[in-house]
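Inspection log for the structure reproduced underneath, given as structure tokens.
In each ligand, atom 1 is the first atom listed, and ligand 1 is the first ligand listed. When a residue number appears, it is its place in the shown sequence, counting from 1.
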Amino acid sequence: ILADEGIAILEWYTCYHTRSEQCGCIKPKPFFIEKAAGEYGIEPAASFIMGDHPHDVLTGKELGVQGLYLLSGHGLKHLSEVPYEIPVFHTLGEGAEWLLQHSSPGTSLPEMIAAGAAAIRNGELVAFPTETVYGLGADALNADAAARIFIAKQRPLEDPLIVHIAEKEDIEALVTRLPEKAELLIERFWPGPLTLVLPKSPAVPDIITAGGATVAVRMPAHPVALELIRQARKPVAAPSANLFGKTSPTTAAHVAEQLEGRYAVLIDGGASRVGVESTVLSLVDEIPVILRPGGVTREELEAVVGEVTVKGWSERPAAGERITSPGMLPSHYAPATPMVLVDDAAVYADDPEAAIILREPTTRHFAGSIFILGHGGTMAGAAAMLYQTLRLVDRMDFRLIVAERFPDSGIGAAVNDRLERAAAGTQA
Ligand code: TXA
Ligand code: MG
């Protein structure tokens, strides 16, 4: 499709020259890119390198070529080595789609960000990428704008929103008190997937906090999100950009699938690389409490502030019950296909109509279809593929989705939490 659009593809180029000149590796070298650029009259600054190894995109970066990183192949294994400014994609197809829509790398994304910032200032909704999942944003200091988020998502007003900021200091205007533990955590984890819950300042409209006395604040690590918030010159309230209770979006296409027509601007910044939402941590009491496990793990938090407790599954309100401790609905993130979460998927080994979601490749036999979240072996890599895989499987008409529980350590706790609530939201 790229060639059909008049886009030249030089995929073979480095391999061909590498072999003929016997340099003994297939890593792209700046020399080859420069040579290709010369021979084909290609302008590096108007070109892209797509690859599933950090070398590919980093070599491109050296020469001013825009890198696109793929999570297929080796991609998941080396994801942590790829700088945040390089967009990532689950598949070659997703990367190619993006390329077709952003074929002038230096301009189209900045234009979308500027349009998004203007829309935020205008009280409209903007869907944008963060490192965790895509958000549906509005001016957090404008109650009418925030109300539009609830309408667009069909979200109950009892469920408060996270306020996103682009500079650490910007939290000061939103809260009445910043305990020392908050400062330590901000220093260590911001920008990043950690949301802090603190007593709210009067500047924050009640609709943001569902009438409560606390506000949730986070500084995302995605460069597109940060630039959007900076240009809007407003804190941006944003829940995940999905219909309430449904699977969260980790690509712009996921957002459009559920919310098309309900926002002014959708900024496509590639796939969200953490893949599960931020950790929501309450600092209201002396001992911090994890209200929602997420991208920053309990172990990482405890290394900075000592004891951290976790709000247990049983303390969360039942579906339909009034939300007293907000946001902890047991049923959430649900696919349309019935789903179960099990310790060992072997229980369903003989079911030909089951989709079996596993963390890593297996030699076990299943009559159904197997979907592997992580080929790279890391739990973070598998988490990055979670919602993408759930959505993919949900479209395929299986009778049942069977997900196997992760180890409960590290980011596995967040993945299990999402799988558990996804399963609770279906009629399996
Ligand atoms: O990673 C994320 O946090 C993403 C991206 C877009 O930043 N956002 C996100 O928002 O997941 P949402 O609305 O889908 O989930 C926010 C969670 C909810 O469970 C909500 O109830 C909780 O945070 N929350 C918000 N404000 C709160 C507060 N004041 N006290 C307790 N929980 C709060
Ligand atoms: Mg959500």
Problem - Within residues 161-171 or reaching into it, pairs that qualify as side-chain hydrogen bond (donor to acceptor under 3.5 Å, both in side chains) - sequence neighbours excluded - result: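 Those involving residues 161-171 are Glu167-Arg230.
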
Determine whether the side chains of [X] and [Y] contain a donor N or O and an acceptor N or O closer than 3.5 Å.
X	Y	answer
Ser240	Glu277	no
Thr337	Asp394	yes
Arg218	Thr130	yes
Arg292	Ser278	yes

Would one find an N or O of [X], backbone or side chain, under 3.5 Å from an N or O of ligand 1?
X	result
Ser240	yes
Thr130	no
Arg155	yes
Asp159	yes
Arg218	yes

Practice task
Evaluate whether atom NE2 of His74 has more than 12 neighbouring non-hydrogen atoms of other residues, nucleotides or ligands under 6.0 angstrom away.
Solution key: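 No, the 6.0 Å shell around NE2 holds no more than 12 heavy atoms from other groups.
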
Exercise for the section: Kindly check if the number of other-residue, nucleotide or ligand heavy atoms within 6.0 Å of CG (Asp397) is above 12? Expected result: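 No, because the 6.0 Å sphere around CG of Asp397 holds 12 heavy atoms or fewer from other groups.
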
Could you tell me which atoms of ligand 1, counted from 1 in the order shown, lie closer than 4.0 angstrom to a heavy atom of [X]?
X	answer
Glu277	1 (O), 2 (C), 11 (O)
Ala216	25 (C), 26 (N), 27 (C), 29 (N)
Val280	23 (O)
Thr132	1 (O), 2 (C), 4 (C), 5 (C)
Leu291	31 (C), 32 (N)
Ser278	1 (O), 2 (C), 3 (O)
His164	5 (C), 6 (C), 7 (O)

Practice task
Determine whether any heavy atom of Thr209 lies closer than 4.0 Å to an atom of ligand 1.
Solution key: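 Checking ligand 1 against Thr209, which is what was asked, there is no heavy-atom contact under 4.0 Å.
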
Exercise for the section: Return yes when Lys200 approaches ligand 1 closer than 4.0 angstrom through a heavy atom, no otherwise. Expected result: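 For ligand 1, residue contact (heavy atoms, under 4.0 Å) with Lys200 is absent.
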
Practice task
Would you name the heavy atoms of Leu266 and Ala252 that are closest together and state the gap between them?
Solution key: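 Residues Leu266 and Ala252, closest heavy atoms: CD2-O, 3.7 Å.
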
Handout entry: Leu373 CG to Phe406 CZ distance, which is reported to the nearest 0.5 Å
Key =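 One finds 5.0 Å between CG of Leu373 and CZ of Phe406.
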
Problem - Spacing of CG belonging to Asp139 relative to CD1 belonging to Ile208, to within rounding of 0.5 Å - result: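 Output value for this atom pair is 8.5 Å.
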
Practice task
With 2.8 Å as the limit, jot down which protein N, O or S atoms are around the Mg ion (ligand 2).
Solution key: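 Atoms qualifying: Ser240 OG.
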
Practice task
Check for a donor-acceptor pair, side chain of Lys181 on one end and backbone N or O of Glu286 on the other, with a separation under 3.5 Å.
Solution key: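 Checking the backbone N and O of Glu286 against the side chain of Lys181, a donor-acceptor pair under 3.5 Å is found.
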
Exercise for the section: Would you please indicate yes or no on a ring centroid separation below 6.0 angstrom for His332 and Phe244? Expected result: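 Judged by ring-centre distance (under 6.0 Å), Phe244 and His332 do meet the cut-off.
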
Practice task
Sort out for me which residue in Thr132, Thr250, Val82 forms a side-chain contact (heavy atoms from CB on, under 4.5 Å) with Arg273.
Solution key: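 So the option named by the test is Val82.
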
